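All remarks here apply to the structure that follows.
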Amino acid sequence: MLSLVTGGGGFLGGAIVRRLLARGDRVRVLARGEYPDLAAAGVELVRGDVANPLSVDAACTGVDCVYHVAALAGVQQDRWPFERVNLYGTHNVIEACRHRGATRLVYASSPSVTFAGEDQCGVDESAPLAIEWLEAHRSWYSASKARAEEAVLAASDSQLRTCALRPHLIWGPGDNHLVPRLVARARKGRLARIGDGANAVDTIYVDNAAAAHLAAADALAEAGSPVAGRAYFPSQGEPVNCWAWIDEILAAAELPPVRRTVSYSAAWRIGAACEQLFRLAPRREPPLTRFVAAQLAKSHWFDISAARRDLGYAPGVSTAHGMERLGEWLRLGTRGAGH
């Protein structure tokens, strides 16, 4: 079987590629950069951008299953780059799958597609997409992911079976986004607890997130699969206190815990002001937005029983074991950087 992974050079995409190779699948990666390590492992590399329909169509030639992971993340205030990559890039993937005869498409979505600024405790897949709230609060990443997920699920039919996964706060060794940003801010003294510090969140270790994607693809293999056209929330299955978890990551990086606290109302006002200011430089990322303030102050954890039932998903790496691996990776990186 030949599988295509868009964004296969990234954190989650790379983990999916490694699992596919480990079980003997042939793998092709569509990515903008060069990845000699993937080529050395036997991966076929296609250089291209998901926003270019010709690149995507060529990459889908002869492919059985597509894992669409490529995305633009961040909180920049320019809407167009997010829609170009996340929304129109996804439309390109859907059209290429149809044109080239791929039968399965697994889309890496985000749980933030259902977030509307309030606590989410034990939420399941019946929660509606919060596109209007996300767009009103200028979370262009989440809004574009929501519209893209909507398109992917609507495309599911007898020729192309699709599903979406919403892994939350992916972390682990090799992370080039979440953990490095937390560590960098902590080192600069720019990390502050927002709200009362009691909010619980779901997370997912990167290998578990990758395993969930393969399980979803396997579940789509049969015609009439109940997974087709549905979204799922995979996670560690054990919500954690957001700020205790952040402190644990900082401790793994040999940094002190977060000391400062900012009220949610104050953070919301600061975020709104930053959004206004950074409209003058929309390609730059503001230090805080209203969406980020809400995400850091509110609870958001999810019922994963549907993923367990339909995908056979279970987190293979525990949070404790994953944190040990993360700590080892961080310590190696710190020594290599000379700190």
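This one's a predicted model, so the numbers in the text were calculated from it and none came from an experiment.
- One side chain, E238 or T319, offers a donor N or O that lies under 3.5 Å from an acceptor on the other.
- Between the side chains of Y232 and D310, at least one donor N or O lies within less than 3.5 Å of an accepting N or O.
- Taking each heavy atom of A108 and V69 in turn, the nearest pair found is CB-CA, 4.0 Å.
- Transitive grouping of hydrophobic side chains (ILVMFWY, heavy atoms separated by less than 4.5 Å) brings V113 and I131 into a common cluster.
- W171 and T203 share a donor-acceptor pair across their side chains, judged by distance under 3.5 Å alone.
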Please assess R325 against V317 for the test side-chain contact (heavy atoms from CB on, under 4.5 Å), listing each intermediate value before the final yes or no. CA-CA 10 Å; R325 294 181 182 177; V317 179; 3.8 Å; yes
Verify side-chain contact (heavy atoms from CB on, under 4.5 Å) between L134 and Y141, making sure each step is shown before the conclusion. CA-CA 9 Å; L134 294 166; Y141 165 74; over 6 Å; no
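- Side-chain contact check for N86 and S144: at least one donor-acceptor pair (N or O, by modelled atom type) lies under 3.5 Å.
- A donor-acceptor contact closer than 3.5 angstrom links the side chains of Q120 and T114.
- Using a 4.0 Å cut-off between a side-chain N of Lys or Arg and a carboxylate O of Asp or Glu, E149 and K145 do not qualify as a salt bridge.
- Interatomic distance, C65 SG to M1 CE, rounded to the nearest 0.5 Å: 5.5 Å.
- A salt bridge is absent between D78 and R279; no separation between the charged side-chain nitrogens and carboxylate oxygens falls under 4.0 Å.
- Using a 4.0 Å cut-off between a side-chain N of Lys or Arg and a carboxylate O of Asp or Glu, R23 and D218 qualify as a salt bridge.
- With hydrogens and angles left out, the side-chain atoms of R138 and Q77 include a donor and acceptor closer than 3.5 Å.
- With 3.5 Å as the limit, one finds no donor-acceptor pair spanning the side chains of D202 and Q236.
- In this structure, a donor-acceptor pair under 3.5 Å is absent between the side chains of S109 and R166.
- With S235 contributing its side chain and I204 its backbone, the two residues share no donor-acceptor pair below 3.5 Å.
- With no hydrogens or angles considered, a side-chain donor-acceptor pair links D57 and H99 at under 3.5 Å.
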Between D25 and R19, is the salt bridge (Lys or Arg N to Asp or Glu O under 4.0 Å) condition met? List the steps. CA-CA 9 Å; D25 288 3; R19 293 189 79 91; over 6 Å; no
